[in-house]
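Notes to accompany the following structure.
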Amino acid sequence: MTAEAVPVVGTSRRGGTRRVPPSRRRHGVRLAFALALPILAYEAVFVLYPLVRGGMMSLESTRLGSRTSEFVGLDNYRRLLRDDAFWGSLTTTVTYAALVVALAVGFGLCTALLVNRKFRGRTVARSVLTLPWAFPEIATVLIFIWMMNPSFGLVKLLTSWIPWLDRDIGWFTSSPFALISIVMISVWKNFPFYSIVLLAALQTVPAELHEAAKVEGANAVQRFRYVTLPALRPVLLLLSMLAFVFAFRQFTLIWLTTGGGPGRDTETLVISIYNRAFKFFEYGYAAAIGVAGLLVTLTVAIAFLVVNRRLERKAAR
Amino acid sequence: MSSMSTTTLRHVTGVARGAAVLIVCAAVLLPVYWMIATAIQRPATTLLYPPPLLPIEFVPDGFINIFRDLPLLSWLRNSAVLAGIATVITTVLSVFGAYTLSALDWPGKALFGALLLLTQMMPEAIIVVPAFQLYNDLGLLQSLAALSLLHAAFVLPIGIWILRSAFDAVPREVADAARIDGCGHLGVLARVILPLAAPAIAAVAIVAFFASWGEYLFATTMISQTEKYPASVGLATLISQLDTPVSELLAGGLVYALPPVVLYMIIQRFMIAGLTAGAVKG
């Protein structure tokens with residue numbers, strides 16, 4: 001089966017060692033190091049080193065104006081644990097991420113199912129449905145800011161047709177609409193990627209299984225429930241984790257629309273790191289929030305890997 | 001009789017599906033439509049409420065003025081330089097990395113994979129301050145080339161994972177046959193695997209190009225000279241300044257979105273094939 005049919009992350013499908021003569025294998029090992037080393041060096045300079053430096057910064061107190069910083073041990077972390085703003089933004093991050101995961105992956109699945117079957121104009125429909133993925137984030141921000149403008153926006157006109165809704169909603173400036181708005185924008189921008197990957201995964205569901213289920217008298221809903229869904233489960237799990245990580249990392253779409261407001265309503269961890277660092281110049285504290293954020297991401301990722309492995313083992317049995 | 005009702009049912013489902021496709025496509029396209037419709041209006045027309053749902057004017061002023069009033073052309077050129085370098089680096093290093101993970105057995109392989117995964121998880125915001133200080137120390141601020149290195153570092157893991165599944169999908173017999181014919185590892189890679197994985201390589205190049213063309217956080221942190229701005233930063237600064245007419249702003253956004261969209265339309269078929277490569281083998 002195609003448990004790890006999805007390209008992005010995956011465990012090796014090729015378990016066995018290739019039977020090659022020892023000399024060639026030694027050559028292979030040398031080659032592997034020769035090819036992997038530049039990549040490791042590259043990532044070490046541009047990701048690992050800044051990360052370590054950030055970790056060290058989180059143990060220091062840096063103030064605006066002074067070029068020196070003093071070692072304060074775990075003070076920043078102690079402050080973090082007592083900081084309501086930190087817990088608030090953690091909650092905001094998780095809420096935002098959960099909503100985006102559910103809606104983007106869900107909508108991606110629906111659209112993939114919709115254009116999976118052959119029909120006239122399918123190619124066009126596929127292009128249209130995946131278009132937002134090619135649309136850069138800044139262009140996305142520009143258009144949604146304009147559409148959701150509280151005085152002249154198209155959304156104002158559309159919502160004015162809904163009788164019980166207030167006409168003058170500040171989509172980016174009032175609670176809870178700011179959060180709803182950034183979720184909607186993120187879903188529009190990101191669902192196509194999940195749709196493409198799920199479409200690819202759908203191609204691998206054997207047609208015979210569907211036929212067999214049909215012969216047994218299963219209706220469309222039952223076929224989806226008992227044939228399609230189990231086949232897609234590993235991919236869906238993987239995409240959900242990926243969507244969570246992407247949502248966790250999201251900066252541009254939030255920063256340029258709500259800026260984390262109103263108040264701290266949409267201040268995710270990433271936004272609060274940026275604010276702490278570049279608005280209040282509390283580099284040490286910003287770094288501590290960063291380390292905490294990384295720990296949260298890692299926890300989620302490890303949880304995913306464990307669940308994935310367990311499912312794989314169950315499938316192998 | 002029963003076959004008749006089945007046909008009718010199928011017909012109804014077909015129509016329902018068609019309607020659903022139309023509605024969803026319209027909903028997805030609406031923002032893009034509105035962007036174009038606004039960009040071709042006169043500034044005064046954009047300030048009408050309720051806004052006309054169909055454009056009442058077709059004026060190219062927005063597109064002309066944004067190039068006249070702002071250095072959009074050099075911003076776009078900067079973006080092209082940035083994304084070009086990042087794309088080349090990502091694609092070449094992804095080939096190396098994917099080959100070590102797919103075709104070679106070596107100690108440290110699992111660790112290498114885990115490390116790449118870790119990089120993939122990392123929010124950019126965590127390292128933006130230390131990276132800024134690093135670039136500051138090395139005198140690399142304002143350098144587009146240096147910024148593109150940072151972009152590539154963040155797309156590389158995803159590039160490696162895409163290519164790795166494509167390399168995995170190349171039938172082992174084909175590679176072995178080439179090896180028996182006297183090809184070394186690099187010969188097999190160059191003559192057998194790369195041609196077969198061409199769609200996936202195109203997919204990686206596109207993913208890298210999109211990522212760098214659209215990136216904002218690192219770009220706005222590292223580049224502060226107006227003439228060095230990539231288009232993402234340049235356009236974003238206009239949002240807060242509020243003195244650019246909206247039709248001009250959206251015209252600029254459209255021009256900026258055009259290269260990735262056109263590129264995507266051209267190689268979309270490859271793209272889906274490339275991302276699917278690993279899936280076909282099952």
Side-chain angles (χ1 to χ4, degrees), chain A residues 1-2 5 7-10 13-14 17 28-29 31-32 35-36 39 42-43 46-47 50-51 53-54 57 111 114 125 127-129 132 134-139 142-143 146-147 152 154 157 196-197 200-201 203-204 245 248-249 251-252 256 270 273-274 277 283 286 290 293-294 297-298 301, chain B residues 20-21 24-25 28-29 31 34-35 38 47 49-51 93 96-97 99-100 104-106 112 117 119 121-127 129-131 134 149-150 153 158 161-162 165 168 185 213-214 216-217 232 235-236 239 246 249-250 253 256-257 260-261 264-265 268 272 275-276 278-279 282:
Chain A
M1 275 303 295
T2 94
V8 190
V9 191
R13 235 171 304 139
R14 286 191 167 176
T17 313
V29 172
L31 180 67
L35 292 179
I39 298 172
Y42 190 78
E43 296 293 342
F46 289 100
V47 180
L51 182 67
R53 201 163 153 165
M57 229 152 69
T111 49
L114 209 55
S127 317
V128 168
L129 288 178
F135 228 66
E137 282 181 333
I138 298 294
L142 286 175
I143 183 54
W146 175 236
M147 276 177 74
F152 312 105
L154 177 66
L157 179 65
I196 294 176
V197 176
Q203 316 293 320
T204 65
V245 171
F248 207 93
R249 281 168 56 171
F251 173 79
T252 312
L256 291 174
V270 162
I273 293 171
Y274 196 80
Y283 292 131
L294 185 62
T297 329
L298 281 182
Chain B
V21 170
V24 172
C25 284
V28 168
L29 271 188
W34 198 244
M35 194 171 190
T38 309
L47 300 183
Y49 187 87
L93 288 183
F96 289 179
Y99 192 69
T100 64
L104 301 172
D105 275 302
W106 51 293
F112 183 55
L117 203 64
T119 315
M121 313 249 132
M122 187 113 60
E124 294 87 337
I126 291 179
I127 69 155
V129 172
L134 174 69
L149 294 178
L150 204 50
I158 216 165
W161 287 113
I162 292 174
S165 5
D168 276 352
H185 274 294
W213 184 267
Y216 172 72
L217 176 58
S232 59
L235 288 170
I239 295 175
V246 101
L249 196 54
L250 294 187
Y256 165 61
V261 168
Y264 180 68
M265 288 302 163
Q268 187 210 12
I272 293 181
L275 288 172
T276 328

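Sequence lines set the chain letters: A, B, ... in the order given, protein chains first and strands last, and positions in each chain run from 1. Keep in mind the model is a prediction, meaning the values are calculated, not measured. Both backbone and side-chain heavy atoms feed into the values below; hydrogens, waters and symmetry mates do not.
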- Counting N and O atoms only, with roles assigned by atom type, does the side chain of B:Trp106 sit under 3.5 Å from a partner on the main chain of B:Thr100, one being a donor and the other an acceptor? yes
- Item | Separation of A:Phe251 CZ from A:Leu256 CG (nearest 0.5 Å) | 7.0 Å
- Message: For B:Leu149, which atoms come within 4.5 Å of any heavy atom of chain A: side chain, backbone, both, or neither?
- Response: both
- Message: Tell me every residue that passes side-chain hydrogen bond (donor to acceptor under 3.5 Å, both in side chains) with B:Trp213, counting only those two or more places apart in sequence or in another chain.
- Response: none
- Which distance, rounded to the nearest 0.5 Å, do you find between the CD1 of A:Ile138 and the CD1 of A:Ile143? 14.0 Å
- Note: vs chain A, highest number of non-hydrogen pairs under 4.5 angstrom among B:Pro123, B:Ser232, B:Gly253 is B:Pro123
- Query: Which one, A:Tyr42, A:Phe135, A:Tyr274, leads in non-hydrogen pairs under 4.5 Å with chain B?
  - Reply: A:Tyr42
- Item | Leading residue by heavy atom contact count with chain B [cutoff under 4.5 Å; candidates A:Leu154, A:Leu298, A:Val128, A:Thr111] | A:Leu154
- Item | Residue pair A:Glu43 / B:Ala153: nearest heavy atoms and the distance that separates them | OE2-O, 3.0 Å
- Under the side chain to side chain contact (heavy atoms under 4.5 Å, CB included) test, which residues partner A:Ala277, sequence neighbours left out? A:Tyr283, A:Ala286, B:Val129
- Which one of B:Leu93, B:Leu217, B:Val24 has the most heavy-atom pairs closer than 4.5 Å to chain A? B:Leu217
- Query: Tell me, side chain or backbone of B:Leu250 under 4.5 Å from chain A's heavy atoms, or both, or neither?
  - Reply: side chain
- Message: For B:Tyr256, which atoms come within 4.5 Å of any heavy atom of chain A: side chain, backbone, both, or neither?
- Response: both
- Message: Just so I understand: if I count every heavy-atom pair under 4.5 Å between each of A:Thr297, A:Val245, A:Val47, A:Leu114 and chain B, which residue has the most?
- Response: A:Leu114
- Atom group of B:Val246 that falls short of 4.5 Å from chain A, counting heavy atoms: side chain
- Message: Nearest 0.5 Å, please: how far is OG1 in B:Thr38 from CG in A:Leu142?
- Response: 11.5 Å
- Give, as side chain, backbone, both or neither, the part of A:Ile273 having an atom under 4.5 angstrom from any heavy atom of chain B. side chain
- Query: Do you know which of B:Pro50, B:Gly214, B:Gly97, B:Pro51 has the most heavy-atom pairs with chain A at a distance under 4.5 angstrom?
  - Reply: B:Pro51
- Heavy-atom closest pair (A:Ala139 atom, B:Ala257 atom, distance to 0.1 Å) is CB-CB, 4.0 Å
- Item | Region of B:Leu104 that comes under 4.5 Å of a non-hydrogen atom in chain A | side chain
